[in-house]
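So that the names make sense, note that chain A is the first sequence line, chain B the second, and so on, each numbered from 1.
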Amino acid sequence: LVLCLGDLFIPDRANFKKLLTPGKIGQILCLGNLTSPSVYTFLRNLAPDLQLVKGDFDISLSTPAPPNPNAAYAAPTDQVPVPTALSKVVTHGGLRIGFTHGHTIVPPGDPDSLLIAARQMDVDVLCWGGTCKFEAYEMEGKFFVNPGSATGAVSWSPDAELDSEGEAVSTPSFVLMDVS
Amino acid sequence: GDVLVLYVYQLRKDQNGVENVAVEKVSYRK
């Protein structure tokens with residue numbers, strides 16, 4: 001299983017965290033904006049292979065997370081890296097899966113621009129983020145996936161969903177991918 | 001061809017404001 005998530009911004013979402021337990025997920029694709037060392041440590045303990053790309057609001061993750069005696073996992077001992085790659089490609093079976101934060105896609109989230117990026121990366125599947133909104137669709141034989149925000153961070157986009165009081169809302173989401 | 005099965009996990013609120021995890025499945029065949 002491959003876990004794909006992004007736009008975290010804040011540390012965690014309890015309802016999701018209890019679903020994500022070590023030993024089930026083989027690889028994590030994190031689409032940037034990983035702004036908390038504690039989340040980095042959580043993800044590092046969740047799967048043996050954590051792949052990061054750079055977001056547009058990454059802050060220095062070089063400060064180690066404070067020890068938490070109540071943590072479900074070991075206290076963080078890893079040196080937290082700052083991702084520098086804007087995009088990466090992983091291969092599962094015959095599928096090439098590309099992933100990027102999405103802030104380099106202009107206009108942001110534009111299907112034609114995403115298709116161009118997928119062709120440039122020579123991938124079958126392109127995962128992107130940056131909009132905090134889940135999307136999945138097929139176009140020109142390629143598959144496009146935006147996992148949304150795993151913590152329910154609110155989109156800055158002008159077409160963001162609004163509640164009855166006009167406040168922006170976001171449905172927390174992530175995706176698991178199983179390739180066979 | 002290779003098949004990718006996407007499991008989408010979303011945290012949705014019901015009418016009482018209680019959050020539940022909804023799972024949807026989407027498939028893609030190369």
Check whether the side chains of A/Glu135 and A/Asn146 place a donor and an acceptor atom closer than 3.5 Å, and report yes or no.
no
Closer than 3.5 angstrom, by distance alone: can the side chain of A/Asp178 be matched with the main-chain N or O of A/Leu1 as a donor-acceptor pair?
no
If only atom types and distance count, is the side chain of B/Asp2 paired as donor or acceptor with the main-chain N or O of A/Gly94 below 3.5 Å?
yes
Would you mind checking which part of B/Val26 comes under 4.5 Å of any heavy atom in chain A, side chain (CB onward), backbone (N, CA, C, O), both or neither?
side chain
Taking side chain as everything from C-beta outward and backbone as N, CA, C, O, which of these in B/Val3 sits under 4.5 Å from a heavy atom of chain A? Side chain, backbone, both or neither.
both
Hits for ring pair (Phe, Tyr, Trp, His ring centres under 6.0 Å) against A/His92, two or more places apart or cross-chain, chain-then-number order -> none
Measure A/Val2 against the heavy atoms of chain B and call it side chain, backbone, both or neither at under 4.5 Å.
neither
Region of A/Phe134 in contact with chain B, defined by heavy-atom distances below 4.5 Å:
side chain
May I ask you to decide if the ring planes of A/Phe174 and A/Phe16 are parallel, tilted or perpendicular, using 30° and 60° as cut-offs?
perpendicular
Shorter than 4.5 Å, heavy atoms on both sides: which option in B/Glu24, B/Gln10, B/Arg12 has the most such pairs with chain A?
B/Gln10
What residue, out of A/Val145, A/Asp124, A/Val125, A/Val179, has the most heavy-atom pairs lying under 4.5 Å from chain B?
A/Asp124
